[in-house]
Amino acid sequence: MKITFIRHTSLNIAPDVCYGQSDVDVSANFNKESKQLKKKLQKYEFTGLYSSPLQRCLKLAFDINRGNPIVDNRLKELNFGDWEMLTWDEIPRDIFDHWATDYANLAPPEGETFSELQSRGIAFVNDMKKKHQGEHIAVVSHGGMIRAILAHTLNIPLKSLFRFTVDHASITTFDFSHEIPKIKYVNL
């Protein structure tokens with residue numbers, strides 16, 4: 001079973017805002033970015049399409065026109081809790097610095113840890129492996145989720161997940177067909 005994760009397009013928000021699970025809309029570049037993405041996806045045939053429920057993912061899922069997406073809440077971005085929609089500079093530095101030392105196991109106030117996000121992603125992948133044996137599915141999701149699945153697949157600690165660049169409107173393909181999963185593409 002293969003999964004091609006597709007990161008949503010760029011957003012209509014300032015780059016210094018912590019948005020996480022906030023339902024932020026796509027940017028004015030949506031049509032251009034989606035068109036480029038559809039060109040990359042031409043060589044793929046998918047038997048299923050899944051999406052995060054957030055509008056930035058759903059809009060793209062419908063636009064790539066690969067059937068109606070199945071919405072799965074496990075595909076959401078990290079919940080930054082009280083930090084949602086604050087600029088990074090508005091978050092008290094001492095609290096942020098403490099969180100940054102172990103974001104795998106520490107949560108922003110009223111938020112979740114990256115370990116919790118990764119657990120959601122692993123549960124989704126395991127369910128898909130059972131449901132779509134021998135198939136290739138597409139998943140429209142978020143940078144944090146894609147990085148968490150990369151870290152799990154490569155068996156590296158979550159503290160290393162920001163070593164991966166996952167651009168807007170990029171694809172990352174995993175092949176779970178064998179005992180040892182393989183990563184076909186990252187950030188294509």
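Please read these numbers as outputs of a predicted model, since none were measured by experiment.
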In residues 173-181, what donor-acceptor pairs under 3.5 Å come from side-chain atoms, sequence neighbours left out?
residue : atom : partner : partner atom : Å
T173    : OG1  : T4      : OG1          : 2.9
D175    : OD1  : S177    : N            : 2.9
D175    : OD1  : S177    : OG           : 2.6
S177    : OG   : M1      : N            : 2.9

Can you give me every donor-acceptor pair (side chain of residues 156-169, partner residue at least two apart or in another chain, under 3.5 Å) with its distance?
residue : atom : partner : partner atom : Å
D167    : OD2  : N187    : ND2          : 3.1
H168    : NE2  : R7      : NH2          : 3.3

L60 vs E33, test: side chain to side chain contact (heavy atoms under 4.5 Å, CB included). Steps then yes/no. CA-CA 10 Å; L60 182 60; E33 292 173 14; over 6 Å; no

Evaluation steps, side chain to side chain contact (heavy atoms under 4.5 Å, CB included), between I137 and T47: CA-CA 6 Å; I137 64 169; T47 57; 3.9 Å; yes

Full working for side chain to side chain contact (heavy atoms under 4.5 Å, CB included) between Q118 and T113: CA-CA 9 Å; Q118 186 181 53; T113 68; over 6 Å; no

Chi angles and distances behind the side chain to side chain contact (heavy atoms under 4.5 Å, CB included) call for D97, T101: CA-CA 6 Å; D97 288 346; T101 63; 5.8 Å; no

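If you take NZ on K40 and CD1 on I64, they are separated by 12.0 Å, rounding to the nearest 0.5 Å. Separation of atoms CG (D72) and CZ (F124) is listed at 5.5 Å; rounding is to 0.5 Å. A distance of 11.5 Å separates CD1 in I146 from CD1 in I3, rounded to the nearest 0.5 Å. A distance of 10.5 Å separates CD of E84 from CG of D23, quoted to the nearest 0.5 Å. In this structure, CZ in F30 is found 13.5 Å from NZ in K35, a value given to the nearest 0.5 Å. Summarising the geometry, atom CD1 belonging to I95 is positioned 12.0 Å from atom CG belonging to L106; distances are rounded to the nearest 0.5 Å.
Atom CG of D94 is surrounded by more than 12 heavy atoms from other residues, nucleotides or ligands within 6.0 Å. Heavy atoms from other residues, nucleotides or ligands lying under 6.0 Å from CD of Q36 number more than 12.
Contacts classified as salt bridge (charged side-chain N to carboxylate O under 4.0 Å, His left out) and involving residues 127-150 (residues at least two apart or in different chains) are given here: R74-D127.
In this structure, S34 contributes its side chain and N31 its backbone to no donor-acceptor pair below 3.5 Å.
F80 and I91 fall within the same hydrophobic cluster, defined by Ile, Leu, Val, Met, Phe, Trp and Tyr side-chain heavy atoms under 4.5 Å apart, directly or through other members. Note on V24 and V71: separate hydrophobic clusters, where clusters join Ile, Leu, Val, Met, Phe, Trp and Tyr whose side-chain heavy atoms are under 4.5 Å apart, directly or indirectly. Cluster membership check: L154 does not share its hydrophobic cluster with Y185, using side-chain heavy-atom separations under 4.5 Å among Ile, Leu, Val, Met, Phe, Trp and Tyr. Under the 4.5 Å side-chain heavy-atom criterion for ILVMFWY residues, a single connected hydrophobic cluster contains both L150 and F5. Note: the hydrophobic cluster containing W88 does not contain I13 (ILVMFWY, side chain heavy atoms under 4.5 Å, direct or indirect links).
Inter-residue side-chain proximity for T9 and K59 is flagged as unmet; no heavy-atom pair is nearer than 4.5 Å.
The shortest non-hydrogen separation linking V140 to C57 is CG1-O, 3.5 Å. The two residues N105 and S115 make their nearest non-hydrogen contact at OD1-OG, 3.6 Å. When all heavy atoms of I6 and A138 are compared, the closest pair comes out as CD1-CB, 4.2 Å. Of all the heavy atoms in L117 and L78, the pair that sits closest is CD1-N, 3.2 Å. Closest heavy-atom contact between N29 and S10: CB-OG, 4.2 Å. Here the shortest heavy-atom pairing between R56 and L11 reads CD-CD2, 3.4 Å.
When each of H8, H142, K76, E77 is checked for a side chain to side chain donor-acceptor pair (under 3.5 Å) with S52, only H142 meets the rule.
W99 and W83 have perpendicular rings, their planes meeting at more than 60° on a 0 to 90° scale where under 30° would count as parallel.
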